Amino acid sequence: DTGVSQNPRHKITKRGQNVTFRCDPISEHNRLYWYRQTLGQGPEFLTYFQNEAQLEKSRLLSDRFSAERPKGSFSTLEIQRTEQGDSAMYLCASSLSLNEQFFGPGTRLTVL
Amino acid sequence: QQQVKQSPQSLIVQKGGISIINCAYENTAFDYFPWYQQFPGKGPALLIAIRPDVSEKKEGRFTISFNKSAKQFSLHIMDSQPGDSATYFCAATPAGTYKYIFGTGTRLKVLA
């Protein structure tokens with residue numbers, strides 16, 4: 001399968017713990033995006049990379065959130081000191097062409 | 001504030017009928033308008049997309065109609081089938097960026 005993959009698919013953690021998610025984009029896609037989706041809502045943009053450079057960050061991305069894309073391949077999204085409000089589906093997407101984004105299956109985070 | 005408004009929130013259509021979902025935007029120059037389909041537990045999948053220099057685009061049973069002056073665009077699903085039952089999101093890309101601004105989604109149910 002050559003689609004976008006995300007791991008883990010589900011993560012349950014206690015408030016205050018740190019969590020890290022991984023996204024593997026479609027091979028050769030140079031752009032990678034992170035979105036957050038809460039129940040009954042559309043995905044909200046968090047940040048995006050072109051190759052290894054992080055080019056845009058949403059104001060939704062507080063200082064507890066950090067994303068990296070070393071070597072322009074896979075990406076990680078870390079949330080420090082998780083809060084219950086962080087519970088959501090975290091979606092990763094990648095693109096090669098100007099706009100079309102391909103989404104992964106997401107990582108569902110539950111913060112207890 | 002960049003925003004895309006989507007309606008209706010939910011829609012029930014008989015098999016073989018036409019499903020129509022509407023989106024509107026204001027005060028921002030967007031230059032790409034995709035529609036995504038999402039099934040429970042899955043990431044969004046691109047259905048069809050349009051650019052503002054085109055008023056209509058058709059792919060199979062799916063048609064986007066775009067009204068630039070009114071800042072509105074809509075998705076028409078012809079001959080709706082039970083397998084089309086899913087949540088549909090419109091989105092828009094602000095000119096000069098690559099991120100998507102999503103609508104709030106429409107939950108479509110097609111009755112057999």
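Small disclaimer: the values here were computed from a predicted structure and weren't measured. Chain identifiers are assigned alphabetically (A, B, ...) following the order of the sequence lines, protein sequences preceding nucleic acid strands; residue numbering begins at 1 within each chain.
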**Q** Could you tell me which portion of B/K99 (side chain, backbone, both or neither) has an atom closer than 4.5 angstrom to a non-hydrogen atom of chain A?
**A** both
**Q** Applying the 4.5 Å side-chain criterion to the ILVMFWY set and letting contacts propagate, would A/Y33 and A/L77 be lumped into a single cluster?
**A** no
**Q** Side chain from CB out, backbone as N, CA, C, O: work out which of these in A/Q41 comes under 4.5 Å of a heavy atom of chain B, or both, or neither.
**A** both
**Q** Is there a side-chain contact (heavy atoms from CB on, under 4.5 Å) between A/E100 and B/Y32 once you walk through the steps?
**A** CA-CA 9 Å; A/E100 183 176 357; B/Y32 181 72; 4.0 Å; yes
**Q** Please indicate whether B/K71 has more than 12 foreign heavy atoms, meaning atoms of other residues, nucleotides or ligands, lying under 6.0 Å from its NZ.
**A** yes
**Q** Under 4.5 Å from any heavy atom of chain B, what part of A/R108 do you find: side chain, backbone, both or neither?
**A** neither
**Q** Taking everything shown except B/R61 itself, do over 12 heavy atoms lie less than 6.0 Å from its CZ?
**A** yes
**Q** So which part of B/Q38 gets closer than 4.5 Å to some heavy atom of chain A, the side chain, the backbone, both or neither?
**A** side chain
**Q** Other than B/M78, which residues form its hydrophobic cluster under the rule that side-chain heavy atoms must be closer than 4.5 Å?
**A** B/I18, B/I20
**Q** Considering only heavy atoms, give the residues of residues 44-52 of chain A separated from chain B by less than 4.5 Å, sorted numerically, with 'none' for an empty result.
**A** A/F45, A/Y48, A/Q50
**Q** With a cut-off of 6.0 Å (strictly less than), are more than 12 heavy atoms of other residues, nucleotides or ligands near CD of A/Q80?
**A** yes
**Q** What part of B/T93 is in contact with chain A, defined as an atom under 4.5 angstrom from a non-hydrogen atom: side chain, backbone, both or neither?
**A** side chain
**Q** Is there a path of hydrophobic side-chain contacts, each under 4.5 Å between heavy atoms of I/L/V/M/F/W/Y residues, joining B/I12 to B/L75?
**A** no
**Q** Count I, L, V, M, F, W, Y as connected when their side-chain heavy atoms are under 4.5 Å apart, and connections chain through other members. Are B/F66 and B/V4 then in the same cluster?
**A** yes
**Q** Do B/V13 and B/I21 land in one hydrophobic cluster if side-chain heavy atoms of ILVMFWY residues count as linked below 4.5 Å?
**A** yes
**Q** Can you confirm whether A/Q37 sits close enough to B/F89 that some side-chain heavy atom of one is under 4.5 Å from a side-chain heavy atom of the other?
**A** yes
**Q** Could you tell me whether A/L39 atom CG has more than 12 heavy atoms of other residues or ligands within 6.0 Å of it?
**A** no
**Q** Please verify the inter-ring angle class for A/F103 with B/Y100; under 30° counts as parallel, over 60° as perpendicular, anything in between as tilted.
**A** tilted
**Q** Is B/Y25 reachable from B/V54 through a run of hydrophobic residues whose side-chain heavy atoms are each under 4.5 Å from the next?
**A** yes
**Q** Please check if the side chain of A/Q101 supplies one atom and the backbone of B/Y98 the other of a donor-acceptor pair under 3.5 Å.
**A** yes
**Q** Chain A: which of B/G43, B/P44, B/A49, B/G105 shares the most heavy-atom pairs with it under 4.5 Å?
**A** B/P44
